[in-house]
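The analysis underlying the following values was restricted to heavy atoms, covering all of them including side chains, and did not include hydrogens, waters or symmetry mates. Residue numbering restarts at 1 for every chain, and letters A, B, ... go by the order of the sequence lines.
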Amino acid sequence: MGGVPFNPYIVGNPIKSSLMFFGREDDFAFVQKKIGEGRANQVVVLCGERRSGKTSILFQILGGRLGDAFLPVLIDMQMLAGVQGDREFFDAILRAGCASPSLAGFDAAGVPREGSPADRVDAFLGAVERWRPGRIVLFLFDEYELIESKIGDGTLGESSIHAFSGILESPRRVSFVFTGSTNLEDREGDVWKSLLGKSIYRKISYLSRRDTMRLITEPLRDSVTWPTEVSEAIYRLTGGQPFYTQVICQNMVDLLIEEGRTDPSAADLEKIVREIVDNPLPQMIYSWNAIAQEEQVVLSSLAGRLGDPSQTASGPDVQAFTSANRLVLPFPRERVNVLLEAAYHREMLEKEGEGSYRFRMDIFRRWIRREHSIWKIAREAGLSFRSRRRPLLIAGIAAAALVVLLLAAWLSPWPRILADARVRILATSSAGAQAGEGAAGAPAASALVERVVFKADRGPFDLSIDGQQPLTSRGQKDAERIVVQSIAPGRHSIVATPVPGAPVTRDVEITATGQIVELVFGPRPAPAAAAGAAETTVPAETSGTAAPAEAVATAPAEEKPSPATQAVETVKPSMVVISTRPSEARVLIDGNDTGRKTPFTESMEPGTYQVAVEREGYRSVSTTITVAPDKPQQLEITLEEAWGQLSLDVRPTAKIYLDGAFLVETPYAKPVKVRAGNHTLRIENEDLKVNKEIQIQVAEGETRQVQEVLKEAKP
Amino acid sequence: VRIRIALPFACFLLALGALSVGAQQQEQAPTPTEIATRHLTEAERLWTEGKYEECRAEVRIGLESVAPGFLSPPSLLRALGRLHALDALLAYTFRDEGYADQVDRALSTALELDPYMEIGDPSEVPAFVVTRWNKLRDAYLARFSRTARPNGLGIFAAMVLEPTVFTNPAVLQPGFTWSRSLGPRTSLEADFRFPLQWPPWSSIRGQLGLVVFPAYSVEKVSTGISVAYVFGLDQLATYTHSLSLGGRAEWISRSGFGVAANAELVRIDLVVGTTQVTEPPRYTEIPLLGFLNVVFANVTLYVFYVF
């Protein structure tokens with residue numbers, strides 16, 4: 001293989017493909033744990049600084065990262081631009097829900113077009129629950145502060161937030177994931193107060209060192225070998241900030257493609273960093289301008305004080321730096337520590353030890369040293385300088401220097417000095433001009449072809465270029481397109497694989513930026529044929545009032561045994577597969593507990609069997625199956641949830657957790673709907689030092705009373 | 001004649017008796033404070049026993065039975081404040097639609113009635129209500145902070161608390177005062193005063209000083225220390241420059257009206273010009289080094305308005 005085939009790094013746009021997304025496993029696990037199966041409906045606020053990757057996380061959730069238990073619906077906040085009033089707002093949410101890829105195939109005919117927003121959303125959730133029982137509808141809102149600003153300008157009413165609160169309190173399984181700069185508690189005003197008790201937040205921070213290394217090395221692991229010193233240096237420059245890591249990697253790969261190499265070096269990295277420092281990204285300028293002037297003074301002083309990436313400095317060090325530069329700080333000196341600490345909490349700085357700071361992203365240190373030196377900041381902020389304490393001494397030195405100069409001039413012939421000086425000046429400027437020409441004359445990124453669109457007649461599909469790790473349009477909004485941000489011009493071998501479908505291999509000539517490569521896969525194969533089975537529906541007998549539909553997949557017609565062989569094969573056992581949704585249900589055959597759970601696969605003698613499946617919190621289902629000789633049979637059962645109620649009289653107050661998930665804070669005068677079955681109830685009052693667990697059993701339709709009067713626990 | 005005399009006398013006695021019975025009946029009628037307290041006690045009992053429906057009914061009856069007036073005693077306001085706080089707790093307990101607003105409304109009303117009410121700690125009261133209460137109370141009290149109402153105008157009477165204060169008007173000096181808060185605990189003050197005697201320029205006094213209060217709360221007595229430069233001109237001839245240190249106590253209402261008292265503790269005088277001061281000798285001054293006086297009982301009483 002020759003050089004680097006294409007540049008996979010994405011800068012500026014959120015990462016939609018799972019192939020370029022690394023890390024955040026703990027963030028996904030947090031969301032799963034907090035709002036997953038058996039947990040209460042909640043708002044999870046993912047908050048963090050700009051460009052920390054919050055939106056990319058949403059796209060990963062939309063792509064199914066949380067698993068089948070969730071039905072993610074991304075709400076495009078751009079729609080708010082044209083929304084006038086709560087009704088249109090919730091209309092847009094419902095439209096987004098019906099159009100979401102996770103709800104493909106959902107029939108929204110049952111959702112009423114009239115009624116209050118809360119009722120319509122409830123009807124929508126009810127229809128989804130019937131369509132996919134047990135799944136959790138997860139609304140994803142990017143930059144939730146936009147809702148607040150819309151409420152502020154009167155476009156939306158605060159009732160929309162109350163409607164969110166009402167939706168969360170409904171018995172339907174639904175939750176929200178918001179992304180934004182802060183959590184709800186820290187927002188000004190009271191707009192979010194009705195959601196405060198139902199929200200939890202998680203700070204989205206920088207990537208871990210391991211994930212940063214994966215982001216650097218894995219996308220092109222087959223073609224580029226990253227020396228450890230280079231990847232470590234990138235990590236120190238960006239601190240694991242995903243956006244800036246991708247910026248540097250993208251620049252590096254562009255350089256490699258441009259020079260036809262696959263071996264990034266420290267010199268390449270230095271060249272790229274200089275380029276970025278000289279031509280800062282808009283995001284860097286934005287971040288700087290968002291900082292208060294006092295903090296700019298301190299950060300500029302810190303950057304001036306720190307000569308290399310390994311150094312750290314304390315508050316007194318920064319003060320010493322400003323004093324050495326005769327700068328009069330526009331605030332009390334003690335405030336330096338406060339401002340350093342504020343920058344640390346905003347993740348701009350990191351701490352080593354108790355009070356030593358350094359820039360979390362070293363690229364910021366270098367950029368601030370160059371572009372925002374303390375002198376420039378002093379001028380912008382109108383800071384004053386201390387007067388010189390020894391003017392006479394300086395005047396004396398200046399006078400002595402003048403005398404020496406005059407003496408030298410008198411002793412040496414004037415014309416020669418002037419001529420030498422001129423020669424020196426000309427030589428210097430000439431060298432500078434040559435250096436400048438060299439920089440300007442270097443081949444730029446124009447050697448690369450940018451934004452090449454691979455457009456298929458149907459999606460989603462995977463795309464591999466020159467045998468590299470494939471890109472995919474699965475989970476993307478436009479599943480029929482894959483855009484390659486930059487690629488070397490020339491002939492490339494591509495393998496495009498539709499989902500479902502067979503791969504298509506062809507060579508394409510990439511010549512121009514914005515080129516569109518058309519891919520034709522032909523019609524989508526029929527699902528029944530692909531699965532090799534036909535589905536029929538048979539009635540089922542359930543122990544509850546409502547009988548859920550079940551689907552039984554039979555063997556394809558061509559596999560039916562011929563009459564001649566049937567007689568022989570009647571004694572041959574058949575494979576029976578019993579699966580339930582959700583799984584992990586106990587299987588009883590003819591009243592006997594098999595001791596196994598679904599998915600259940602067993603080779604059974606021909607005959608008629610009474611099959612029952614049981615799972616805690618769900619209604620038991622019983623049905624009869626007839627096993628034919630050598631005819632595999634699949635039984636798929638959807639379990640209906642069984643509900644009971646809890647009446648909680650826990651005084652004076654306590655936080656109640658059901659099976660580990662927060663349920664409600666008492667006093668609460670209404671019964672709480674819970675799954676039927678055995679539960680662990682935890683009663684917690686930190687101030688009374690009470691933390692006790694009780695086991696309860698809730699039967700379907702029963703209202704279980706829990707009464708506790710808490711007293712301070714003795715140590 | 002006897003009948004004539006006895007009949008009016010009997011009527012008089014009957015009238016007296018009726019008045020007495022009426023007075024007794026009036027004494028038995030409960031005051032608004034007693035009514036509110038009774039409902040509050042019952043509601044708190046029901047709350048403690050977890051009988052929330054009955055508690056809500058009791059609170060509503062209590063709040064409908066008594067309304068606060070302009071001159072309602074603090075005990076009534078406190079009882080009504082507690083009833084509204086219970087109303088907030090009940091709104092949270094039932095959590096009907098819009099409960100957060102109901103909680104806020106009830107807590108705001110309780111705040112108006114008794115801003116220093118203790119709602120309880122999170123071991124007894126749901127954290128949601130405690131958080132809302134603290135937030136609302138902080139916002140409410142911030143409206144009455146020194147920085148929110150930085151300007152003050154008032155009148156005062158400076159006097160020497162000695163026997164002649166009632167006979168010699170020269171020892172009583174009324175004046176005008178102006179103040180400006182420099183922060184939550186510090187005020188800059190200036191005042192100007194004339195004696196109650198003719199001619200008014202016989203003793204002109206003015207001062208500029210700082211008053212520092214370690215803590216300040218509206219409708220509570222705040223104590224602090226005052227430091228002032230005092231300028232005096234007597235008979236348009238004798239100048240006195242003094243540095244005065246005193247103690248200050250003040251009370252400011254939520255409406256903005258306030259009263260204060262300042263007692264001078266020590267003063268350094270520098271007298272320039274003639275020393276024939278018309279003021280009588282002060283019994284409350286103990287000369288030390290000729291220019292340093294230890295002063296006591298020199299008191300200034302202020303009535304002022306802040307905005």
Okay, B:Val103 and chain A: the region with an atom under 4.5 Å from a heavy atom over there is neither

Okay, B:Thr131 and chain A: the region with an atom under 4.5 Å from a heavy atom over there is neither

Checklist entry - Are any of the side-chain nitrogens in A:Glu684 or A:Lys692 under 4.0 Å away from the carboxylate oxygens of its partner? => result no

Counting heavy-atom pairs under 4.5 Å with chain B, the top scorer among A:Glu158, A:Lys655, A:Lys670, A:His162 is A:Lys670

Whatever's closer than 4.5 Å to a heavy atom in chain A on B:Ala127 counts as both

Honestly, the part of A:Ser159 sitting under 4.5 Å from a heavy atom of chain B is neither

If one checks every heavy atom of A:Glu169 against chain B at 4.5 Å, the contacting part turns out to be side chain

#### Entry: Ring geometry between B:Tyr92 and B:Phe128 (parallel below 30°, tilted from 30 to 60°, perpendicular above 60°)
parallel

Within 45° cone of B:Phe213 ring axis and under 6.0 Å: B:Arg185 NZ or CZ: no

B:Ser217 and B:Ser222 have their tightest heavy-atom pair at N-OG, 3.8 Å

State whether a side-chain donor-acceptor pair under 3.5 Å links A:Glu145 with A:Ser181.
yes

